[in-house]
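See below for the structure under consideration.
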Amino acid sequence: MTSRSTAHQPGSGSDRVLAALLDLLLPTRCAGCGSGLTGLCPPCRALLDGAAAGPAGPHRPPPGLPPVHAAAPYAGPVRQLLLAHKERGALRLAGPLGTALAAAVRSATGAGAAPLLLVPVPSARAATRARGHDPTLRLARAAARELRRGGVATLVAPVLRHSRPVADQAGLRAAERQRNLDGALAVPARVAGRLAGHRLVLVDDLVTTGASLAEAARALRAAGCPPRAAATVAATARRGAAAGRRGAAAAGEAGRPGSVRVSPGR
């Protein structure tokens with residue numbers, strides 16, 4: 001049910017060795033801003049290492065969406081880093097992005113004695129096959145390692161399963177996303193009872209309309225294990241004039257360390 005780290009997964013050690021060798025032999029430009037030949041330049045890394053996480057989420061949250069916290073706005077270098085990791089297989093970015101996700105988890109949960117269980121929102125099987133990896137699961141494991149280094153007992157529980165096929169969410173409006181995902185996730189009965197006694201936190205790379213997180217929360221509640229909160233690396237800017245101004249300001253400052261802003265949640 002749970003996973004302590006990617007080190008326990010087949011091939012993860014070789015992934016890290018290969019990434020290190022590629023960095024030495026074939027240095028690439030920063031995946032965030034395109035500068036230098038480091039893969040991830042210090043200013044872009046600082047956006048993730050020093051992210052000030054806080055409440056986030058859509059202006060009109062769907063029913064059942066738990067409190068959401070994010071580490072950064074989905075803009076500028078942060079957007080490019082997430083896309084590089086998710087769609088272009090830049091697996092070496094999982095560590096820095098996992099650090100940002102861990103900051104969002106801390107912000108969402110605060111102090112507590114019970115161990116944390118990070119429950120990743122699963123990608124569709126076809127998407128996972130096409131990408132060659134499950135980006136959210138990889139980020140969840142990186143975040144769990146970071147939290148454990150900080151003394152927080154944390155495991156990863158990839159317990160959510162797709163109970164029916166879903167369409168690609170790209171290009172769908174908020175209401176269409178909700179209909180697309182309604183009833184699409186479930187927790188197998190054989191593992192539901194083993195989640196008791198933990199603080200469950202849903203994790204994903206990004207929150208836009210909140211439909212995916214709301215459906216994941218519904219599935220956990222149906223299994224008798226409601227999530228405490230949700231945490232993401234990034235959040236899209238909210239709709240509306242005031243939110244637009246905040247999002248524009250955040251995007252304008254996205255290249256400067258220490259100035260990450262997230263639209264406040266309800």
Side-chain angles (χ1 to χ4, degrees), residues 1-20 22-23 30-32 38-42 44-53 68-72 74 77-109 115-123 127-128 131-160 198-207 213 216 229-235 260:
M1 178 195 69
T2 56
S3 169
R4 284 198 169 272
S5 78
T6 50
H8 291 197
Q9 302 302 313
S12 62
S14 60
D15 284 346
R16 289 193 296 272
V17 171
L18 179 60
L22 288 174
D23 282 339
C30 174
T38 63
L40 180 60
C41 70
C44 288
R45 180 180 288 275
L47 288 175
L48 303 175
D49 290 345
V68 182
H69 286 234
Y74 188 59
V78 173
R79 178 178 183 273
Q80 295 304 319
L81 292 170
L82 280 171
L83 288 173
H85 173 261
K86 186 173 188 175
E87 305 295 351
R88 298 194 290 276
L91 303 185
R92 63 176 67 85
L93 297 176
L97 290 169
T99 296
L101 181 57
V105 172
R106 292 190 196 97
S107 176
T109 57
L116 285 176
L117 273 186
L118 305 187
V119 181
V121 176
S123 300
T128 300
R131 292 171 180 144
H133 75 123
D134 186 330
T136 305
L137 179 57
R138 189 178 292 274
L139 293 182
R141 288 171 174 153
R145 288 196 299 272
E146 178 69 17
L147 289 162
R148 287 195 298 271
R149 280 194 289 265
V152 181
T154 310
L155 295 172
V156 177
V159 297
L160 290 167
H198 295 81
R199 293 180 292 158
L200 271 63
V201 181
L202 282 166
V203 294
D204 208 346
D205 59 345
L206 171 68
V207 57
L213 289 170
T232 65
V233 175
V260 175

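Residues: numbered from 1 along the sequence shown. The structure displayed is predicted, hence computed values, not measured ones.
How far CG of D134 is from NZ of K86: 9.5 Å, rounded to the nearest 0.5 Å. Put simply, CG on L83 and CG on L93 are 11.0 Å apart, with the number rounded to the nearest 0.5 Å. If you take CZ on R199 and OG1 on T154, they are separated by 8.0 Å, rounding to the nearest 0.5 Å. Note: L117 CG to L155 CG = 6.0 Å, rounded to the nearest 0.5 Å. Here the NE2-CG distance, from H85 to L139, works out to 4.5 Å after rounding to the nearest 0.5 Å. To the nearest 0.5 Å, the span separating CG on L81 from CZ on R45 amounts to 10.0 Å.
The minimum heavy-atom distance linking A230 with A108 is given by the pair O-CB, 4.1 Å. Counting all heavy atoms, side chain and backbone alike, A84 lies closest to A31 at CB-CB, 3.9 Å. Nearest approach of V203 to A140, heavy atoms of both residues: CG2-CB, 3.8 Å. Annotation for A53 and S107: closest pair O-OG, 3.6 Å, computed over non-hydrogen atoms. Residues A71 and A100 come closest through the heavy atom pair CB-O, 3.3 Å. Shortest non-hydrogen contact noted between P96 and L40 is CG-CD2, 3.6 Å.
Checked by atom type, the side-chain pair D204/T136 shows a donor-acceptor distance below 3.5 Å.
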May I have the step-by-step check of side-chain contact (heavy atoms from CB on, under 4.5 Å) for T109 and V152, ending in yes or no?
CA-CA 11 Å; T109 57; V152 181; over 6 Å; no
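Applying side-chain contact (heavy atoms from CB on, under 4.5 Å) to L48 and the options L97, L101, T99 leaves one that passes, L97.
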